[in-house]
Amino acid sequence: MAGLFNGTKKHVATYTEPAVTEISSILQGGYHHPLLRQWQNERQLTKSSLIYPLFITDNEDEMSAIDSLPKQNRWGLNKVVPYVESLVAKGLKAVILFGVPLAEGCKDPYGTSADDPNGPVILTIKALRKACPDLFIICDVCMCEYTSHGHCGILREDGSIIREESVRRLAAIAVNYAKAGAHCVAPSDMVDGRVLAIKRGLIDAGLAHQCMLMSYSAKFSGNLYGPFRDAAGSAPSFGDRKCYQLPPGGRGLARRAIIRDLEEGTDAIIVKPSTFYLDIISDAKELAKDVPICAYQVSGEYAMLHAAAEKGVVDLKAIAFEAAYGCLRAGATLIISYFTPDFLDWLDDL
């Protein structure tokens with residue numbers, strides 16, 4: 001030890017290069033160019049993967065802004081057709097229709113106006129089929145917009161849903177949308193057994209071969225639906241929907257619901273909401289490998305991104321793409337998005 005301090009050379013540890021000096025990859029080489037960055041996406045965001053939600057009222061000349069849902073409107077029949085035509089010219093492939101009946105006395109405990117042949121949804125189906133023959137038309141199937149109580153089925157006196165009567169009514173609504181020309185019906189009520197009832201109804205009507213059934217199989221209750229309920233006038237008049245929509249932590253329930261709907265004959269699966277439920281999208285892709293998986297980026301998610309952009313926290317275009325790719329990465333192949341009109345322009349700029 002004394003030698004270390006009496007003028008002799010001190011030993012200093014040094015690093016010796018390993019014999020193999022080549023690394024397996026320079027990762028940056030694979031994404032240094034904008035096109036390369038697109039190639040790295042396992043699933044591409046395309047115009048064909050987007051579905052645009054539309055709120056249709058019974059006032060044929062209405063075009064009114066929805067304050068809590070930026071850049072979105074309620075549309076009357078005479079206004080929505082030219083608007084959709086302009087989007088089709090940009091590459092829009094699919095829409096999903098939500099009826100918003102506003103006429104006095106149009107709502108009752110049974111949602112009678114949902115499939116009124118002179119109501120907003122059925123008239124819009126027929127008008128869009130004529131004006132935009134290549135457009136894929138999906139109809140949301142639920143009763144909350146049409147019932148006087150704002151719930152998604154027919155109720156007992158204690159406010160609970162009567163399952164058997166509700167699924168019969170939902171099936172009748174879905175079949176009438178299909179008869180009007182809808183390419184797809186999408187039950188969003190989460191009442192047990194409605195997929196089987198709708199599928200049987202389509203078969204009995206001779207329409208199952210030309211109408212897809214896309215089920216909201218994993219629809220969670222929560223705090224992200226406020227702007228939609230403002231738009232559709234569908235807030236419940238009492239209570240909430242926690243007894244038939246899934247609890248936010250109910251991953252096992254979601255898996256069971258997906259399996260149930262597959263067994264009952266659904267042709268595609270919707271997970272709603274999207275951003276906070278990417279694990280459920282991944283589960284859906286695992287459980288339903290052979291059907292399309294659709295993520296619904298709901299009104300609250302869309303409004304939050306706009307609010308963050310307005311505060312300068314995020315760039316709106318960049319965060320919209322990031323959210324969409326999160327859904328695709330998790331396993332979705334389709335996205336219902338209020339950003340669809342923006343994406344039709346943004347995708348052209350890539």
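Between R260 and D192, at least one side-chain nitrogen of the basic residue sits less than 4.0 Å from a carboxylate oxygen of the acidic one, meeting the salt-bridge criterion. A salt bridge links D115 to R169: at least one charged side-chain nitrogen sits closer than 4.0 Å to a carboxylate oxygen. A salt bridge between D348 and K90 is absent, with no side-chain N of the basic residue lying under 4.0 Å from a carboxylate O of the acidic one. Electrostatic pairing of K79 and E60 does not count as a salt bridge here, judged by no charged N lying under 4.0 Å from a carboxylate O.
Between Y110 and T147, the closest side-chain pair of non-hydrogen atoms is not below 4.5 Å. K71 is listed as a side-chain neighbour of Y302, based on a closest heavy-atom distance under 4.5 Å. Between R251 and I280 there is a side-chain heavy-atom pair separated by less than 4.5 Å. Side-chain contact check for R194 versus D189: some heavy-atom pair is nearer than 4.5 Å. Residues P247 and F220 fail the side-chain proximity criterion, which asks for heavy atoms closer than 4.5 Å. Under the 4.5 Å side-chain criterion, counting only non-hydrogen atoms from C-beta, L202 is not in contact with K179. In this structure the side chain of I137 reaches within 4.5 angstrom of the side chain of R129, judged on heavy atoms. Looking at D283 and I281, their side chains never come closer than 4.5 Å, going by heavy atoms from C-beta outward.
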Is there a side chain to side chain donor-acceptor pair (under 3.5 Å) between Q38 and Y31 once you walk through the steps? CA-CA 8 Å; Q38 291 188 53; Y31 57 92; over 6 Å; no

side-chain contact (heavy atoms from CB on, under 4.5 Å) between Y338 and L305, worked out: CA-CA 11 Å; Y338 299 96; L305 296 183; over 6 Å; no

Verdict with reasoning, I269 to L287, per side-chain contact (heavy atoms from CB on, under 4.5 Å): CA-CA 10 Å; I269 300 291; L287 296 168; over 6 Å; no

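A donor-acceptor contact closer than 3.5 angstrom links the side chains of E62 and S64. Residues D261 and S217 have side chains that bring a donor and an acceptor to within less than 3.5 angstrom of each other. In this model, no donor atom of one side chain and acceptor atom of the other lie less than 3.5 Å apart for E42 and Y325. E301 and T275 form a side-chain donor-acceptor contact under 3.5 Å, judged by distance and modelled atom types alone. No side-chain donor from either of N59 and T57 sits under 3.5 Å from a side-chain acceptor of the other. Checking D140 against Y216 by side-chain atom types alone, a donor-acceptor pair falls below 3.5 Å.
For K47, the NZ atom counts as densely surrounded, since its 6.0 Å shell holds more than 12 non-hydrogen atoms of other residues, nucleotides or ligands. More than 12 non-hydrogen atoms from other residues, nucleotides or ligands lie less than 6.0 angstrom from CZ of R37. Heavy-atom contacts from other residues, nucleotides or ligands closer than 6.0 Å to CZ of R163 number more than 12. Counting non-hydrogen atoms of other residues, nucleotides and ligands closer than 6.0 Å to CH2 of W39 gives a total of 12 or fewer. Within 6.0 Å of CG on D61 lie more than 12 heavy atoms contributed by other residues, nucleotides or ligands.
Checked against the 6.0 Å centroid threshold, Y83 and W75 count as a close aromatic pair. Checked against a 6.0 Å centroid threshold, the rings of Y177 and H183 do not count as neighbours.
Distance alone, capped at 3.5 Å, places no donor-acceptor pair between the R74 side chain and the M63 backbone. The backbone N or O of Q44 sits nowhere less than 3.5 Å from a side-chain atom of N41 that would complete a donor-acceptor pair. The backbone N or O of E286 lies less than 3.5 Å from a partner atom in the side chain of K289, making a donor-acceptor pair. In this structure, T333 contributes its side chain and I293 its backbone to a donor-acceptor pair below 3.5 Å. Remark: side-chain polar atoms of S166 are paired, donor with acceptor, to backbone N or O of I162 under 3.5 angstrom. Not one N or O on the side chain of D58 forms a donor-acceptor pair closer than 3.5 Å with the backbone of P101. Listed for the T266 side chain is a donor-acceptor partner under 3.5 Å among the backbone atoms of L213.
Atom OG of residue S337 and atom CG of residue D342 lie 8.5 Å apart, to the nearest 0.5 angstrom. Rounded to the nearest 0.5 angstrom, E145 CD and S188 OG are separated by 6.5 Å. The distance from atom CD1 of I258 to atom CD1 of I270, rounded to the nearest 0.5 Å, is 11.5 Å. Taking CG from L45 and CG from L50, the interatomic distance works out to 5.0 Å, rounded to the nearest 0.5 Å. From Q297, atom CD reaches atom OG1 of T340 across 9.0 Å, with rounding to the nearest 0.5 Å. Atoms NZ and CD, on K317 and E322 in that order, are 14.5 Å from each other to the nearest 0.5 Å.
When I51, I138, I96 are each tested for a side-chain contact (heavy atoms from CB on, under 4.5 Å) with C294, only one passes: I51.
Both tests do not hold together for K219 against Y296: distance to the six-membered ring centre under 6.0 Å, angle to the ring axis within 45°.
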